[in-house]
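For reference, the structure is listed below as structure tokens.
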Amino acid sequence: MTALPTIELTVFPDECDAFGHLNHAAVIALLERARWEGLSRGPGMDFFRRNGIAPVVRKVTADYRAPAYPGDVLRIETTVVHRGVTSWTLRHTAKRAADDAVIAEAEVVLVSVDGAGRPAPLPDDVARFLGPRTPSTHEARRVSVDGVELAVDVRGEGAPILFVHGFPFDRTMWRHQVAALSRWKRIAPDLRGAGDSGQPEGGYSMARYADDLIGVLDALGVRRTVVCGLSMGGYIIFELLRRYRDRVTAVVLCDTRAEADSADGRRNRDELIALAKDPGPAAVAERLLPRLIGRVTLAEQPEVVKHYREMAARISSAGMIGALRAMRDRPDSTSDLGQINVPALIVVGGEDQVTPPSVARELSKAIPGAELATIPAAGHLAPLEQPLATSRAIADFLERLS
Ligand code: MLT
């Protein structure tokens, strides 16, 4: 990832609120100041104009982590976490220089526009400055396991973390975490039947998914790893712990549960299986949508809903039916929880209806020493709905491990 110059800025009294804290809107202005200051120290403030474009902010996501006060010097680090054809995404981390406390983190999506305000491809000089184009999330390595080709994103160096997606999703549900956890080797496969992986007609079970993941780790030469799974990904982690305990160094269990399906739950799976056969997978995705995505996200983040539909559309009927059967028939893992003897973090969206915070609390009490992080304003898909807060919870846990 390309790093832009780190800029130090002092907090002034007029940037603070009535309580003497740095105001949230002023933080955004300081980040913008840092961007311009970085430009002025590099290619010059007129860099974009010289190249015939203007940078327009399309989206800002901010996470305020600690108060800052007049006189504090903030050290603002900026990295390019995504570079596309017309847009790029910067991640800012503002730390207090005196004690290194993280004051705020933010992601800013910028678009290059021409004189008429239309999106324009990044000119060569600007593209070079921002660094290489981020590979599309669909360009993945291919690993053959048990005769099925699995697509795997592998990024970075460092201690490994394996991301296991839920249903009906694919590896792209982790794209923010894969971009953010830059000090780790991130491994995000599509499970069989999902995304760009092979979609065989049969042979789906939690055991098979777990064996596939071990096949991926073997192919990458990874012996032991942290494993982070969401929902069905969590069910697979329980299976991994039963079968391959020595390969797992720590677990992050997001929006998941240890119980098997109830009789009602199994009946519901059968209904969904019938729906996946006729009219097809899209009908399953639409049926599940209101329960999977949080209320706030549904109202305010249409791009998350769009991403959800795209992931679901990449699952074949066979893959969807296979996953539903595998979940319906999975064993209960509650009696295993007390024996989990690796560090564990439980993450849950505060509005998750499928595996609500009460379920996460029970899970965290049952696993010795487990930590719990609740992500506000997120439903079942916390990593996509609130990427900064979810990545931060995972990063903090990983930091404590190392
Ligand atoms: C998932 O997100 O993987 C599913 O909601 C899990 C389930 O249906 O049990």
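Note that this is a predicted model, so its numbers are computed, not measured. Atoms within each ligand, like the ligands themselves, are counted from 1 in listed order.
Judged by distance alone, the side chains of D332 and T334 do bring a donor and an acceptor atom under 3.5 Å apart. There is no side-chain donor-acceptor pair under 3.5 Å between R328 and N268. For the residue pair D352 and H380, a side-chain donor N or O sits within less than 3.5 Å of a side-chain acceptor on the partner. Residues S391 and Q177 bring a donor and an acceptor atom of their side chains to less than 3.5 Å of each other.
At the top of the distance list for atom 5 (O) of ligand 1, counting protein heavy atoms only, stands H380 NE2, 3.2 Å. Protein heavy atom nearest atom 1 (C) of ligand 1, with residue, atom name and distance: S231 OG, 2.8 Å. Among all protein heavy atoms, the one lying closest to atom 9 (O) of ligand 1 is Y235 OH, 2.5 Å.
Contact annotation for R269 and ligand 1: only side-chain heavy atoms (C-beta onward) come within less than 4.0 Å of the ligand.
The ligand atoms of ligand 1 that sit less than 4.0 angstrom from a heavy atom of M232 are 1 (C), 3 (O). Less than 4.0 angstrom separates some heavy atom of G166 from each of these atoms of ligand 1: 3 (O).
The aromatic rings of F47 and F129 stand perpendicular to each other, their planes meeting at an angle above 60°, with 30° marking the opposite boundary.
No N or O atom of F169 sits closer than 3.5 Å to an N or O atom of ligand 1.
With hydrogens and angles ignored, the 3.5 Å screen pairs no side-chain donor or acceptor of T78 with any backbone N or O of L4.
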